[in-house]
**Student:** 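Just dropping this structure here.
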Amino acid sequence: MHWNRACAVLLDLGARRTAGLGLSLLGEQQLALDLYRKAIVVSPEDHRAYFQAAQVQRDMKDYQGAEAMLRKAAGLAPDDVNIKRQLGA
(Lines give C-alpha, C1' and ligand atoms only; values in the text may rest on other atoms or scores of the structure.)
Protein backbone atom coordinates (compact mmCIF):
# COMPACT_ATOMS: atom_id res chain seq x y z
CA MET A 1 0.00 0.00 0.00
CA HIS A 2 1.33 3.42 -0.87
CA TRP A 3 2.01 5.87 1.94
CA ASN A 4 -0.69 8.33 0.79
CA ARG A 5 -3.28 5.55 0.61
CA ALA A 6 -2.27 4.27 4.06
CA CYS A 7 -2.69 7.76 5.54
CA ALA A 8 -6.08 8.14 3.87
CA VAL A 9 -7.26 4.81 5.27
CA LEU A 10 -6.12 5.73 8.80
CA LEU A 11 -7.78 9.14 8.63
CA ASP A 12 -10.96 7.56 7.30
CA LEU A 13 -10.93 5.00 10.11
CA GLY A 14 -10.44 7.65 12.79
CA ALA A 15 -13.13 9.84 11.26
CA ARG A 16 -15.60 6.96 11.21
CA ARG A 17 -14.95 6.11 14.86
CA THR A 18 -15.21 9.77 15.90
CA ALA A 19 -18.42 10.26 13.93
CA GLY A 20 -19.79 7.04 15.41
CA LEU A 21 -19.14 8.32 18.91
CA GLY A 22 -20.86 11.62 18.13
CA LEU A 23 -23.89 9.91 16.64
CA SER A 24 -24.13 7.59 19.61
CA LEU A 25 -24.07 10.52 22.01
CA LEU A 26 -26.87 12.11 19.98
CA GLY A 27 -28.98 8.97 20.34
CA GLU A 28 -28.45 7.80 16.76
CA GLN A 29 -27.31 4.31 17.71
CA GLN A 30 -28.12 2.59 14.42
CA LEU A 31 -26.19 5.17 12.41
CA ALA A 32 -23.29 4.92 14.87
CA LEU A 33 -23.27 1.14 14.61
CA ASP A 34 -23.25 1.37 10.82
CA LEU A 35 -20.16 3.61 10.97
CA TYR A 36 -18.38 1.28 13.38
CA ARG A 37 -19.12 -1.67 11.10
CA LYS A 38 -17.65 0.25 8.17
CA ALA A 39 -14.59 1.05 10.28
CA ILE A 40 -14.23 -2.68 10.98
CA VAL A 41 -14.32 -3.41 7.25
CA VAL A 42 -11.61 -0.80 6.63
CA SER A 43 -9.42 -2.07 9.47
CA PRO A 44 -10.53 -5.46 10.83
CA GLU A 45 -7.58 -5.59 13.22
CA ASP A 46 -8.58 -2.41 15.08
CA HIS A 47 -9.99 -3.56 18.42
CA ARG A 48 -11.35 -0.08 19.21
CA ALA A 49 -13.98 -0.24 16.48
CA TYR A 50 -15.23 -3.58 17.82
CA PHE A 51 -15.27 -2.21 21.36
CA GLN A 52 -17.19 0.90 20.37
CA ALA A 53 -19.64 -1.13 18.28
CA ALA A 54 -20.21 -3.34 21.31
CA GLN A 55 -21.04 -0.31 23.45
CA VAL A 56 -23.66 0.80 20.95
CA GLN A 57 -25.12 -2.69 20.66
CA ARG A 58 -25.35 -2.85 24.44
CA ASP A 59 -27.20 0.46 24.47
CA MET A 60 -29.55 -0.96 21.82
CA LYS A 61 -30.10 -3.97 24.12
CA ASP A 62 -28.48 -6.34 21.59
CA TYR A 63 -26.55 -8.14 24.29
CA GLN A 64 -25.54 -11.13 22.18
CA GLY A 65 -24.21 -8.88 19.43
CA ALA A 66 -22.37 -6.76 21.99
CA GLU A 67 -20.76 -9.82 23.56
CA ALA A 68 -19.66 -11.10 20.15
CA MET A 69 -18.05 -7.74 19.34
CA LEU A 70 -16.36 -7.64 22.76
CA ARG A 71 -14.98 -11.14 22.30
CA LYS A 72 -13.56 -10.15 18.91
CA ALA A 73 -12.03 -7.04 20.49
CA ALA A 74 -10.58 -9.17 23.30
CA GLY A 75 -9.00 -11.48 20.76
CA LEU A 76 -7.29 -8.52 19.14
CA ALA A 77 -6.31 -6.77 22.39
CA PRO A 78 -6.24 -9.38 25.17
CA ASP A 79 -4.66 -7.02 27.71
CA ASP A 80 -7.16 -4.16 27.30
CA VAL A 81 -8.68 -3.65 30.76
CA ASN A 82 -11.78 -1.89 29.42
CA ILE A 83 -12.64 -4.88 27.26
CA LYS A 84 -11.99 -7.27 30.13
CA ARG A 85 -14.20 -5.19 32.42
CA GLN A 86 -17.07 -5.22 29.93
CA LEU A 87 -16.79 -8.99 29.58
CA GLY A 88 -16.76 -9.36 33.36
CA ALA A 89 -13.32 -10.97 33.30
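This one's a predicted model, so the numbers in the text were calculated from it and none came from an experiment. The chain is numbered in sequence order, starting from 1.
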**Student:** For a quick test of reading the model, state the closest non-hydrogen atom pair linking Ala54 to Met69 and the distance between them.
**Tutor:**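 Minimum heavy-atom separation between Ala54 and Met69: CB-CB, 3.7 Å.
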**Student:** Can you measure from CZ (Arg37) to OH (Tyr50) and round to the nearest 0.5 angstrom?
**Tutor:**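 Interatomic distance, Arg37 CZ to Tyr50 OH, rounded to 0.5 Å: 11.5 Å.
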**Student:** Which value, rounded to the nearest 0.5 Å, describes the distance between Asp62 atom CG and Gln57 atom CD?
**Tutor:**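 If I round to the nearest 0.5 Å, the distance is 4.5 Å.
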**Student:** Taking the side chain as C-beta and beyond, is there a heavy-atom pair between Val42 and Lys38 under 4.5 Å?
**Tutor:** no
**Student:** Is the shortest side-chain heavy-atom distance between Arg58 and Tyr63 below 4.5 Å?
**Tutor:**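 Yes. Closest side-chain heavy atoms under 4.5 Å.
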**Student:** Looking at every non-hydrogen atom in both residues, tell me the closest pair between Leu70 and Ile83 and how far apart they are.
**Tutor:** O-CG2, 3.7 Å
**Student:** For a quick test of reading the model, state the closest non-hydrogen atom pair linking Ala32 to Val56 and the distance between them.
**Tutor:**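 Smallest heavy-atom distance, with atoms named: CB-CG2, 4.2 Å.
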**Student:** I would like to know whether Lys84 and Asp80 meet side-chain contact (heavy atoms from CB on, under 4.5 Å); could you show each step before the answer?
**Tutor:** CA-CA 6 Å; Lys84 287 181 179 181; Asp80 188 302; over 6 Å; no
**Student:** Does any pair with a residue in residues 69-78 pass salt bridge (charged side-chain N to carboxylate O under 4.0 Å, His left out), and if so which ones, sequence neighbours excluded?
**Tutor:** Glu67-Arg71
**Student:** Could you give the distance from CG (Asn82) to CD (Gln55), rounded to the nearest 0.5 Å?
**Tutor:** 8.5 Å
**Student:** Will you find, in the side chains of Asp34 and Gln30, an N or O donor that is under 3.5 Å from an N or O acceptor?
**Tutor:** yes
**Student:** Just checking Gln64: does its CD atom have more than 12 heavy atoms from other residues, nucleotides or ligands closer to it than 6.0 angstrom?
**Tutor:**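 12 or below, so no.
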